[in-house]
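Values below: all heavy atoms of this structure, side chains included; hydrogens, waters and symmetry mates excluded. What you are looking at is a predicted structure, and each value in this text was computed from that prediction instead of being measured. Labels below follow one simple rule: chain letters A, B, ... track the order of the sequence lines, proteins then strands, and each chain is numbered from 1.
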Amino acid sequence: MSERRLATLKGFYQNYVKPSYEMAHKAREEGKLVAWVASTFPVEILHAMDIIPVWPENYASLCATRKVSVPLCESAERKGFSKDLCSYARCVLGSLFDGENLPEGGIPKPDILVASTCACDTHMKWFQVASRIFKKPLFLLDVPYNVDSASPEQLEDRYVQHYVCQLEDLVSRLEKYSKMKLVDSKLRKTLTLSNKTSELWLKVQEYRKSVPTPMGAREAFSAVYFMLCVPGTEQAVGFYEELCAELEQRVKQGVGIIEDEKYRLVWDNLPLWFDLQFFQYLETLKAVVVAETFSHVWAGGLNPSKPYESLARKHLSNMANCTIERRIELIAALVKDFRANGVILPTNWGCRMMTIGETMVKEKIQEMTDVSSLILDVDSTDWRNYDEFKVKTKLETYLRTLNSLFKIGETRRSAL
Amino acid sequence: MESLKLIRTLISANNKFISEWKRLKRPVLGYTCSYTPEEIISAGEILPIRILGSLEPPKLADVHVSTNVCSFAKSCFNNALKGEYSSLDGYVFSHSCDNQKKIYDLWRRYTTIPKAYFINTPHSTNENSRRFFRDELEKFREWLMKSFKVEISEENLRSTIRTFNENRRLLRQVYDLRKGNPPLVLGSEALEIVLSSMMTPKEEHNKLLQVLLEEIDTREDVPKEGVRLLVSGSIMDNSELLRLIESVGGSVVADDLCTGSRYFWDLVNEEEEPMTAITERYLHKIPSSFMYSSEERFRHTREMAKLFDVEGVLIFSLKFCDVHSFDAPLLAEELREEDGLPVLCLEWDHSLSGTAQLRTRIEAFIEMLEEQI
Ligand code: SF4
Ligand code: SF4
């Protein structure tokens, strides 16, 4: 099966992720400004100011894939941080308390920290703890909750205004602190690149709609790195162009990422970073993940001539900042568009955002699409409560129930 | 003491004042967060009452919410599903924490209470947030007027503010009763007094507090002296935990709780334009842990500890309350290092399961303090 793996993604970690950490460490030595960034912060601002972003969430997932996240979580717990807190936060804080033999020489230290309240309380609180540890300032974007789940165009003006005013303030504080200027033309250029990245990433998703699908979750959870962490760069654009070319080829030849595609699944939330083999195991059951909600929430059009406003609209309407209904709509749309016949809803022990309302999601998805979902109570980074046998048994039982549904799916598909 | 007995009966969504209010066909509105500007609600002759949980296992909520969710928020939801709040005409949530904002979606889907509203409370206190919050509260006022067909005039707001401030001053006086040794009211009683304030029309509550403050001088069952403690946490809507502390020799004389001092400590400026004054008060009140930054709250906790001359601090983190759990180790460190205060950090579940273990740890902590003193 190995020849089916995508060439573009070979050595992804060595080629892209590792060097980014080396670069950040080096930049710091050279006296460049390094910022810790939480996802849903408009990172384009930092790119345009030549501030080097480091993503603690990415570092936590990296520690999990290297199987060192649990001892790090434990070290945070010894300092009094509850076992029930987000494992990303515990893992990274732990690495600051107990930092021997850390992957990539540890997470690069920040000169500043930036976060928004858009996705979760954890970002703000976790970064506040780190800001105290490092004695470096935290710049916080206080984002109002999009309680009507309004789309970018429907948002109330005062929401947009509030975001924009804060962003302006924040930029001027950043400028003062860093003694660097945010040049308009550079921001426009970054936004243009970010748009391009976004478009290409969505094109990647388009290819994945094909039957059989040319790309699964294992690849997507690596490749999304560019969309998430470095969207406004030439490197991101270059990478996705290459990926699109390869996918186009695959689709033309009708070569799927797995040989015998029987179950097409939508995956909500995060993967089990400590066990990415899980997706390979799915393949042995003839199941492939064709879409992840995670891959669809970061894209979004930006208008380079209205940079602040379009960043505001994009982030205010991010799924993480909306009600559960919005998530349900997205999953239902993915099921339909990607011709999926199953939905996996993994929760995340320390993440309220990804946990509360799973039964409501399941219920509504069934109503809207006729497809049943499977809730898996897991954690993305902390494997201490992971009962592999139980999870796999549950999954296999679930897939068997999909068998009959799949037949319905087939008629639907042949009619397409 | 009669007034104390009466107060205990008020911590219920069906107390005699609420029933009387309903009998007069006036609306009752439940709210879930101490950042809800009750004055605006009250000025429209709508009774604001705090939505509370209970000690029973949240069986109905368990169907919709998994284990790893704030047990307080879950218990409130359970009460709503059980029909405890069927007398409400509506409920208001606030943008406080992740638990609340997500559970709001479940309330909308699974409970039958007619009207729902969400106030987008900011998490920071800068000028932009102030402006946004001011608009947000104006919108809330309009919603109340339209939904309940009431008038909320500036004049009503002004007089409501006065009544609420009066309540806050009286509550402070009650708290002052704990400054001496022995304290004249127990910590558990003080908590019940504050909780009852959230469930009673403020005019009535003010009268009750006045009686209580008179009665207290002749109190016969004066509490025993004990190790003077401050309790810090997110929320405590039941006095059982404080009773447990009292039963092992602790004397809770001060707190830093949403349902304690943080509820009433700050006044609304009576000189300013009412909506602006209300905005200011709620934005700058002693913050909860979901606000940025925690420094202000820590300052308050430390000041309380000094003011009430405490000998030790108990920090209670409610299971799955992230905002508080991130703060707990920081606050503990500050209290230990800056004030030299012994601190015990504990995790607890709202239904008080696992109390035996809590009791043992609290007992050991108090014994340790007794030896030191
Ligand atoms: S996993 Fe959840 S709690 Fe943790 S950082 Fe992500 S959104 Fe926040
Ligand atoms: S106790 Fe904490 S988690 Fe629970 S509702 Fe209050 S702030 Fe939210």
* Determine the option with the most heavy-atom pairs under 4.5 angstrom with chain A, choosing from B/Cys345, B/Cys70, B/Ala332, B/Ser129. =>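 Most heavy-atom pairs within the cutoff with chain A belong to B/Ser129.
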Worksheet item: With chain A, which of B/Thr121, B/Asp105, B/Asn126 has the greatest number of heavy-atom pairs at distances under 4.5 Å?
Response: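 Ranked by contacts with chain A, first place is B/Asp105.
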Report task. Check for a donor-acceptor pair, side chain of B/Asn120 on one end and backbone N or O of A/Tyr145 on the other, with a separation under 3.5 Å. Result ->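 Yes, the answer is positive, given that a donor and an acceptor are paired below the 3.5 Å cut-off.
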- Message: Given 3.5 Å as the limit, does a donor-acceptor pair link the side chain of B/Lys102 with the main chain of A/Thr355, or not?
- Response: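 Between the backbone of A/Thr355 and the side chain of B/Lys102 there is no qualifying donor-acceptor contact (under 3.5 Å).
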Checklist line | Derivation and outcome, side-chain contact (heavy atoms from CB on, under 4.5 Å), residues B/Val63 and A/Thr359 | finding: CA-CA 8 Å; B/Val63 176; A/Thr359 44; over 6 Å; no
Under 4.5 Å from a heavy atom of chain A, the part of B/Lys74 involved: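 For B/Lys74, there is no contact with chain A at all, as no heavy atom is under 4.5 Å.
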- Checking B/Glu127 against chain A: side chain, backbone, both or neither under 4.5 Å from a heavy atom?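 Looking at B/Glu127, nothing touches chain A.
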Check your understanding: When only heavy atoms count and the cut-off is under 4.5 Å, which of residues 92-100 of chain B reach chain A?
Key ->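 The residues closer than 4.5 Å to chain A, in numerical order, are B/His95, B/Ser96, B/Cys97, B/Asp98, B/Asn99.
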Can you label the angle between the A/His162 ring and the B/Phe132 ring as parallel, tilted or perpendicular, going by 30° and 60°?
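Parallel.
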Shortest non-hydrogen separation from [X] to [Y] and the atoms involved:
X	Y	result
B/Asp327	A/Lys125	OD1-NZ, 3.0 Å
A/Gly357	B/Leu106	CA-CD2, 4.0 Å
B/Phe326	A/Leu85	CE1-CD2, 3.5 Å
B/Ser325	A/Phe81	O-CD2, 4.4 Å

- Item | Enclosure of B/Gln357 CD (heavy-atom neighbours >12, cutoff 6.0 Å) |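 No, because the 6.0 Å sphere around CD of B/Gln357 holds 12 heavy atoms or fewer from other groups.
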Query - Option that, when pairs with chain B are counted at under 4.5 Å, heavy atom only, ranks first among A/Gly80, A/Ser131, A/Pro144 - result: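 Answer, by heavy-atom pair count under 4.5 Å with chain B: A/Pro144.
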Below 4.5 Å, heavy-atom pairs only: which of A/Lys362, A/Glu325, A/Met353 has the largest tally toward chain B?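 Answer, by heavy-atom pair count under 4.5 Å with chain B: A/Glu325.
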Quick check for you: to the nearest 0.5 Å, what is the distance between [X] atom [atom1] and [Y] atom [atom2]?
X	Y	atom1	atom2	result
A/Asp121	B/His324	CG	NE2	13.5 Å
B/Phe118	A/Asp148	CZ	CG	10.0 Å
B/Arg108	A/Ile324	CZ	CD1	8.0 Å
A/Arg132	B/Ser293	CZ	OG	8.5 Å

Contacting region of [X] [heavy-atom separation from chain B under 4.5 Å]:
X	result
A/Asn348	backbone
A/Gln128	side chain
A/Glu168	neither
A/Ile375	neither
A/Leu140	side chain
A/Met360	both

Report task. Any chance you could lay out the side-chain hydrogen bond (donor to acceptor under 3.5 Å, both in side chains) test for B/Asn128 and A/Asp169, step after step, and finish with the verdict? Result -> CA-CA 9 Å; B/Asn128 290 315; A/Asp169 272 8; 3.0 Å; yes
Next on the checklist: Hydrogens and angles aside, do B/Ser66 and A/Glu358 bring a side-chain donor and acceptor to less than 3.5 Å of each other?
Outcome noted: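 Judged by distance alone, the side chains do not pair up.
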Check: Just by distance, with hydrogens left out, do B/Lys319 and A/Ser82 show a side-chain donor and acceptor under 3.5 Å apart?
Finding: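 On atom types as modelled, these side chains do not qualify, holding no pair under 3.5 Å.
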I'd like to know whether B/Arg109 forms a side-chain contact (heavy atoms from CB on, under 4.5 Å) with A/Lys364, so could you lay out the CA-CA distance, the side-chain angles of the two residues, the decisive distance to 0.1 Å, and finally the verdict. CA-CA 11 Å; B/Arg109 181 162 166 89; A/Lys364 294 279 286 177; 3.3 Å; yes
Q. Step by step, would you call A/Ile356 with B/Ile103 a side-chain contact (heavy atoms from CB on, under 4.5 Å)?
A. CA-CA 7 Å; A/Ile356 303 180; B/Ile103 248 178; 4.2 Å; yes
Is the shortest distance from a Lys or Arg side-chain nitrogen in [X] or [Y] to a carboxylate oxygen in the other one below 4.0 Å?
X	Y	answer
A/Arg352	B/Asp322	yes
A/Arg158	B/Glu138	no
B/Glu333	A/Lys79	no
A/Lys83	B/Glu347	no

The test is side-chain contact (heavy atoms from CB on, under 4.5 Å); show your working for B/Tyr292 and A/Leu138 and say whether it passes. CA-CA 10 Å; B/Tyr292 183 70; A/Leu138 165 59; 3.6 Å; yes
